[in-house]
Amino acid sequence: QVQLVESGGGLVQPGGSLRLSCAASGFTLDYTIIGWFRQTPGKEREGVSCISNSDGSTYYADSVKGRFTISRDNAKSTVYLQMNSLKPEDTAVYYCASLPLITTVQAACVRTHPDFRSWGQGTEVTVSS
């Protein structure tokens, strides 16, 4: 079964850190883009960060640049999102999804390319004191 499973969410105080994991099963991450997205009630889904598992190129939304780092471990078929200096506005459900390598990471992430698939169930991140 082809699927992505997110984990690592939780409750953290402002300024804290979390590392999210996106584990793939049933398919290889080779020649894919993996994207992290987040959504809160009443807001549009936002592309947070994407990574190409071919050349390692990355994209970050301006709202997380300098605070979040996306990385991959192809041997483990897992993509990580290290989130530092968390802010209350980072509170959301975070999802990962995969996209065949048909475009750039920026084009994939900025407007959530419609061909992203294998969406995970999401992991909730709450930043609150």
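Since the model is a prediction, treat every value here as computed from it, not as a measurement. Along the sequence shown, residues carry numbers from 1.
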Is there a path of hydrophobic side-chain contacts, each under 4.5 Å between heavy atoms of I, L, V, M, F, W or Y residues, that connects [X] with [Y]?
X: Ile51; Y: Leu99; value: no
X: Phe68; Y: Val79; value: yes
X: Val12; Y: Val64; value: yes
X: Ile102; Y: Tyr59; value: yes

Pairs satisfying disulfide bond (SG atoms under 2.5 Å apart), at least one member in residues 40-87, at least two apart =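 Passing the test, one end in residues 40-87: Cys50-Cys109.
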Query - Qualifying disulfide bond (SG atoms under 2.5 Å apart) pairs with a residue from residues 53-108, counting only residues at least two apart or across chains - result: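 Residue pairs passing disulfide bond (SG atoms under 2.5 Å apart), neighbours aside: Cys22-Cys96.
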Restricting to non-hydrogen atoms, name the atom on [X] and the atom on [Y] that form the minimum distance, rounded to 0.1 Å.
X: Val105; Y: Ser52; value: CG1-N, 3.4 Å
X: Gly8; Y: Leu18; value: O-CD2, 3.8 Å
X: Ser85; Y: Arg67; value: O-NH1, 3.0 Å
X: Phe116; Y: Trp119; value: O-NE1, 3.4 Å

Would you find a donor on one side and an acceptor on the other, under 3.5 Å apart, between the side chain of [X] and the backbone of [Y]?
X: Tyr60; Y: Ile70; answer: yes
X: Glu6; Y: Gly122; answer: yes
X: Ser118; Y: Gln3; answer: no
X: Ser129; Y: Gln13; answer: no

Enumerate donor-acceptor pairs with a distance under 3.5 Å from any side-chain N or O in residues 27-45 to protein atoms, sequence neighbours excluded.
| unit_1 | atom_1 | unit_2 | atom_2 | d |
| --- | --- | --- | --- | --- |
| Thr28 | OG1 | Asp30 | N | 3.2 |
| Thr28 | OG1 | Asp30 | OD2 | 3.4 |
| Thr32 | OG1 | Leu29 | O | 2.5 |
| Thr32 | OG1 | Asn53 | ND2 | 3.2 |
| Arg38 | NE | Glu46 | OE1 | 2.8 |
| Arg38 | NH1 | Asp90 | OD1 | 2.9 |
| Arg38 | NH1 | Tyr94 | OH | 2.9 |
| Arg38 | NH2 | Glu46 | OE1 | 3.2 |
| Arg38 | NH2 | Ser63 | OG | 3.3 |
| Gln39 | NE2 | Lys43 | O | 3.3 |

- prompt: Considering residues at least two apart in sequence or located in another chain, which fulfil the side-chain hydrogen bond (donor to acceptor under 3.5 Å, both in side chains) criterion with Thr58?
  reply: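 Once residues adjacent in sequence are excluded, Thr58 has no partner under the side-chain hydrogen bond (donor to acceptor under 3.5 Å, both in side chains) criterion.
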Contact between Ser77 and Ser25 at the side-chain level, heavy atoms closer than 4.5 Å - yes or no?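 Result no, sub-4.5 Å side-chain heavy-atom pair not found.
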[X] side, atom [atom1]; [Y] side, atom [atom2] - distance, nearest 0.5 Å:
X: Gln82; Y: Leu20; atom1: CD; atom2: CG; result: 8.5 Å
X: Leu86; Y: Ser128; atom1: CG; atom2: OG; result: 12.0 Å
X: Ser54; Y: Arg72; atom1: OG; atom2: CZ; result: 7.5 Å

query = Which pairs pass side-chain hydrogen bond (donor to acceptor under 3.5 Å, both in side chains) with one or both residues in residues 95-116, sequence neighbours excluded?
reply =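 Residue pairs passing side-chain hydrogen bond (donor to acceptor under 3.5 Å, both in side chains), neighbours aside: none found.
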Q) What residue pairs, at least two apart or across chains, pass side-chain hydrogen bond (donor to acceptor under 3.5 Å, both in side chains) with a residue in residues 14-24? A)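 As it turns out, the side-chain hydrogen bond (donor to acceptor under 3.5 Å, both in side chains) pairs with a partner in residues 14-24, which skip direct neighbours, are Ser17-Asn84.
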